[in-house]
Amino acid sequence: MNIAIVTTWFERGAAYVSKQYEELLSSEHEVFIYARGGESYAINDPKWDADNVHWGKKYPMPNKATYIDEKDFVDWLLKLDIEVVLFNEQHWWQPILTCKKMGIKTGAYIDYYTENTIKLFSLYDFLICNTLKHFSAFSWHKQCYYVPWGTDIDLFKPSQEQLEENKTSLVFFHSAGMNPFRKGTDFVLEAFKIVKERFEHCKLVIHSQVDLKESFPHLANSIDELQKADRLELIERTVTAPGLYYRGDVYIYPSRLEGLGLTVAEALACGLPTITVDNAPMNEFIEKPSRVAKVKNLYCRGDAYYWPMCEVDIPDLALQMEFFACSVDDIAKFKRQSREYALTNLDWNKAAAAVNDAIIKSKVICTESAVEALANKQDNIKYPGITRFPKFYSYIYSISLFIKKNR
């Protein structure tokens, strides 16, 4: 079967989700990547640029991060005789309508949705939910599949030395990625300031793809002080998988909001006991010796994402860190237990049968007439999130189509 994955395609978490699906499906199918323009390209990067990758055109339109040039997309689908399209975080809805009109089966891995857009997912023939949290929101869909998330346990793994090393000091590791605010990096810094006063043998290592001082100007002095005292190491650059988990003993990840919590699974597979916040989906991965910190507050995000943002209780986060600081003699045992948990519960290869069932056994359930009816009913189907001037953008879009057709 010829399967297309429509996705962002460069060094970031969403692309790694697509890459895992690509690798899982490639054993039985021909898998092709349509790399959306809008965010970034990884052309000539040997990790991302391959013969099965098509770099979509960039276009100056609203929601351009997931906008897809329709002619370019259709020509590509026809050229490769694509039978199924799996969309990753597709906020621009027109490509789904296009596929439906072409008779191509469509599906999505669930990540981003709002109260206004959740019912639009009925456009897809099948949905794959990798967490119980998402599945609870989409169980109404006729062909919704719960496929527990996992990771590449052969790529993300500890050395035998790391699993057996006797420790006298302790390193907390945190990955801030491209969005330190969402990842709760400020919570990590605030909690570590409490821990370091009592435990001199503890250090913090943070990996970020952006400048943390620019992200948190109010913490710039604290960052400088921790660095001068040799209690904090910042690594501010992009590092490809399997990343820098080997630099830590305990992973700390009090994220405000997650679709999957990729790094929690990766850290556990690397043998790092993990501290996260007691909120789904992060806590779905947690068993002892890993620990959760209390939730202090829940609040709505500015874009009205379906699930609320979460603020961790910083004193309780520090308390969970102090548990490991007091248990240095047991860290090697904790690491082995974390790796064993990952081998049992987080092997992504075990998801192959369930993903194939979703793709092969699901039926095309949305007819063209149903698609048109839904499209007419939803004013923002082509412009999700653009609610202030929908008629204006619709007018601009119509003009752009007219110009393209009459060039």
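What's counted below: heavy atoms across the whole structure, side chains too, no hydrogens, waters or symmetry copies.
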Enquirer: What are the two closest non-hydrogen atoms of C99 and V85, and how far apart are they?
Expert: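 Looks like SG-CG2, 3.9 Å.
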
Enquirer: Assess the residue pair E23 and S26 against the criterion (side-chain hydrogen bond (donor to acceptor under 3.5 Å, both in side chains)); give the C-alpha distance rounded to whole Å, side-chain angles, the decisive distance to 0.1 Å, and a yes or no.
Expert: CA-CA 5 Å; E23 292 170 354; S26 293; over 6 Å; no

Enquirer: At what distance, to the nearest 0.5 angstrom, does OH of Y67 lie from CH2 of W92?
Expert: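 It comes to 5.5 Å.
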
Enquirer: Looking at K167 and D330, does any basic side-chain N land under 4.0 Å from a carboxylate oxygen?
Expert: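 Looking at K167 and D330, the cut-off is not met.
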
Enquirer: Tell me whether T151 contacts the main-chain N or O of I153 through its side chain, where contact means a donor paired with an acceptor under 3.5 Å.
Expert: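 Such a contact is absent between T151 side chain and I153 backbone.
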
Enquirer: Would you please indicate if the ring centroids of Y305 and Y113 are separated by under 6.0 Å?
Expert: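 They qualify: ring centres under 6.0 Å apart.
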
Enquirer: D154: what forms a salt bridge (Lys or Arg N to Asp or Glu O under 4.0 Å) with it, not counting sequence neighbours?
Expert: none

Enquirer: Can you name the closest pair of heavy atoms from D72 and G56 and give their distance?
Expert: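 Shortest heavy-atom contact: OD2-CA, 3.9 Å.
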
Enquirer: With sequence neighbours left out, what residues match P281 under side chain to side chain contact (heavy atoms under 4.5 Å, CB included)?
Expert: T131, K133, E258, E284

Enquirer: Under the salt bridge (Lys or Arg N to Asp or Glu O under 4.0 Å) rule, collect the residues that match up with D75, sequence neighbours excluded.
Expert: K71

Enquirer: For the residue pair K183 and S175, confirm or rule out a side-chain donor-acceptor distance under 3.5 Å.
Expert: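 Absent: no donor and acceptor within the cut-off.
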
Enquirer: Evaluate whether atom NZ of K296 has more than 12 neighbouring non-hydrogen atoms of other residues, nucleotides or ligands under 6.0 angstrom away.
Expert: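 At most 12 heavy atoms, drawn from other residues, nucleotides or ligands, come within 6.0 Å of this atom.
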
Enquirer: Describe, in one word, how the ring planes of W9 and W48 are oriented to each other, choosing from parallel (under 30°), tilted (30 to 60°) and perpendicular (over 60°).
Expert: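 W9 and W48: perpendicular rings.
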
Enquirer: Would you call D152 and K157 a salt bridge, using N to O less than 4.0 angstrom?
Expert: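 No, D152 and K157 are not salt-bridged.
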
Enquirer: Please evaluate residues N2 and D81 with respect to the criterion side-chain hydrogen bond (donor to acceptor under 3.5 Å, both in side chains), reporting the C-alpha separation (whole Å), side-chain torsions for both, the decisive distance (0.1 Å), and the verdict.
Expert: CA-CA 7 Å; N2 291 344; D81 193 22; 4.7 Å; no

Enquirer: Rounded to the nearest 0.5 Å, what's the gap from CD on E236 to NZ on K213? Could you check?
Expert: 8.0 Å

Enquirer: Quick one: CD1 on I3 to CD1 on I104, what's the gap to the nearest 0.5 Å?
Expert: 12.5 Å

Enquirer: Quick one: does any side-chain atom of T276 pair with a main-chain N or O of R291 as donor and acceptor, under 3.5 Å?
Expert: no

Enquirer: Within a 6.0 Å radius of atom NZ on K294, are there more than 12 heavy atoms belonging to other residues, nucleotides or ligands?
Expert: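 Counting neighbours around NZ of K294, 12 or fewer heavy atoms of other residues, nucleotides or ligands fall under 6.0 Å, so no.
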
Enquirer: Sequence neighbours excluded, which residues qualify as salt bridge (Lys or Arg N to Asp or Glu O under 4.0 Å) partners of R336?
Expert: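 Here no residue qualifies.
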
Enquirer: Between H201 (side chain only) and A325 (backbone N and O only), is there a donor and an acceptor less than 3.5 Å apart?
Expert: yes

Enquirer: Can you list the residues that meet the salt bridge (Lys or Arg N to Asp or Glu O under 4.0 Å) rule with K335, with sequence neighbours excluded?
Expert: D249

Enquirer: With a 4.5 Å heavy-atom cut-off, do D329 and N166 have their side chains touching?
Expert: no

Enquirer: Looking only at side-chain N and O atoms, does E70 offer a donor or acceptor that is under 3.5 Å from a partner on T98?
Expert: yes

Enquirer: Residues in side-chain hydrogen bond (donor to acceptor under 3.5 Å, both in side chains) with T185, at least two apart?
Expert: H174

Enquirer: Before we go on, tell me: are the rings of Y21 and W348 under 6.0 Å apart, centre to centre?
Expert: yes

Enquirer: Between T263 and Y251, do the side chains contain an N or O donor and an N or O acceptor separated by less than 3.5 Å?
Expert: yes

Enquirer: Could you tell me if N356 and H29 have a donor-acceptor pair between their side chains, going purely by distance under 3.5 Å?
Expert: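 Yes.
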
Enquirer: Where do K193 and S222 land on the side-chain hydrogen bond (donor to acceptor under 3.5 Å, both in side chains) test, with the steps shown first?
Expert: CA-CA 8 Å; K193 286 195 295 181; S222 295; 3.3 Å; yes

Enquirer: Side chains of D111 and H134: do they bring a donor and an acceptor to under 3.5 Å?
Expert: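 Per modelled atom types, D111 and H134 side chains form no pair under 3.5 Å.
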
Enquirer: I'd like to check the ring-ring contact (aromatic ring centres under 6.0 Å, His included) partners of F181; sequence neighbours left out, ordered by chain and number.
Expert: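 By the ring-ring contact (aromatic ring centres under 6.0 Å, His included) rule, F181 matches no residue at all.
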
Enquirer: Looking only at the side chains, is there a donor atom on one of R36 and Q90 sitting less than 3.5 Å from an acceptor on the other?
Expert: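 Yes, side-chain donor-acceptor contact under 3.5 Å.
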
Enquirer: Spell out, as yes or no, whether a donor-acceptor pair under 3.5 Å connects the side chain of N88 to the backbone of A14.
Expert: yes

Enquirer: For D303, is there an ion pair with R301 - N to carboxylate O distance below 4.0 angstrom?
Expert: yes

Enquirer: Keeping to residues at least two apart or across chains, list the ring-ring contact (aromatic ring centres under 6.0 Å, His included) pairs with something in residues 309-333.
Expert: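 Counting only pairs at least two positions apart or across chains, the ring-ring contact (aromatic ring centres under 6.0 Å, His included) contacts touching residues 309-333 are F324-F334.
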
Enquirer: R247: what forms a side-chain hydrogen bond (donor to acceptor under 3.5 Å, both in side chains) with it, not counting sequence neighbours?
Expert: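 For R247, the residues satisfying side-chain hydrogen bond (donor to acceptor under 3.5 Å, both in side chains) (neighbours in sequence not counted) are E233.
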
Enquirer: If you measure from CG on D278 to CD1 on I286, what distance do you get to the nearest 0.5 Å?
Expert: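 Answer rounded to 0.5 Å: 9.5 Å.
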
Enquirer: If we ignore angles and hydrogens, is there a donor and acceptor under 3.5 Å between the side chains of E115 and Y306?
Expert: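 The criterion, which ignores hydrogens and geometry beyond distance, is not satisfied for Y306 and E115.
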
Enquirer: For E11 and Y16: C-alpha separation, side-chain torsions, deciding distance, then whether side-chain hydrogen bond (donor to acceptor under 3.5 Å, both in side chains) applies.
Expert: CA-CA 8 Å; E11 196 73 34; Y16 273 105; 2.5 Å; yes

Enquirer: Is the count of non-hydrogen atoms from other residues, nucleotides or ligands lying under 6.0 Å from K142 atom NZ greater than 12?
Expert: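 Open.
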
Enquirer: Within the 4.5 Å heavy-atom criterion, are I275 and V292 side-chain neighbours or not?
Expert: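 No, too far: nothing below the 4.5 Å cut-off.
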
Enquirer: Sequence neighbours left out, what passes side-chain hydrogen bond (donor to acceptor under 3.5 Å, both in side chains) with N52? Give chain and number order.
Expert: E22

Enquirer: If I take atom CZ from residue R231 and atom NZ from residue K203, how far apart are they, to the nearest 0.5 angstrom?
Expert: 10.0 Å

Enquirer: Should the ring pair Y245 and F156 be called parallel, tilted or perpendicular, given that the plane angle runs from 0 to 90° and is split at 30 and 60?
Expert: perpendicular

Enquirer: Under the 3.5 angstrom rule, does the side chain of D125 hit a backbone N or O of G107 as a donor-acceptor pair?
Expert: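 A pair under 3.5 Å: no.
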
Enquirer: Return the set of residues passing ring-ring contact (aromatic ring centres under 6.0 Å, His included) with F10 (not counting sequence neighbours), or none when no residue passes.
Expert: none

Enquirer: Check the pair Q20 / L24 against side chain to side chain contact (heavy atoms under 4.5 Å, CB included), numbers first and verdict last.
Expert: CA-CA 6 Å; Q20 285 192 210; L24 194 73; over 6 Å; no

Enquirer: Looking at D347 and L343, would you say the former's side chain and the latter's main chain have a donor-acceptor pair under 3.5 Å?
Expert: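 No: the side chain of D347 does not pair with the backbone of L343.
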
Enquirer: Please determine whether side chain to side chain contact (heavy atoms under 4.5 Å, CB included) holds for the pair R237 and Q209, giving the CA-CA distance in whole Å, both sets of side-chain angles, and the decisive distance to 0.1 Å.
Expert: CA-CA 5 Å; R237 56 187 172 86; Q209 290 175 266; over 6 Å; no

Enquirer: Atom CH2 in W76, atom NZ in K79: separation rounded to 0.5 Å?
Expert: 10.5 Å

Enquirer: What residues, two or more places apart in sequence or in another chain, satisfy ring-ring contact (aromatic ring centres under 6.0 Å, His included) together with F121?
Expert: W93, Y124, F138

Enquirer: Mark yes or no for whether S362, through its side chain, and F126, through its backbone, hold a donor-acceptor pair below 3.5 Å.
Expert: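 Between the backbone of F126 and the side chain of S362 there is no qualifying donor-acceptor contact (under 3.5 Å).
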
Enquirer: Between the side chains of Y299 and N297, does any donor sit under 3.5 Å from an acceptor?
Expert: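 Their side chains do not contain a donor-acceptor pair, so the 3.5 Å distance test is not met.
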
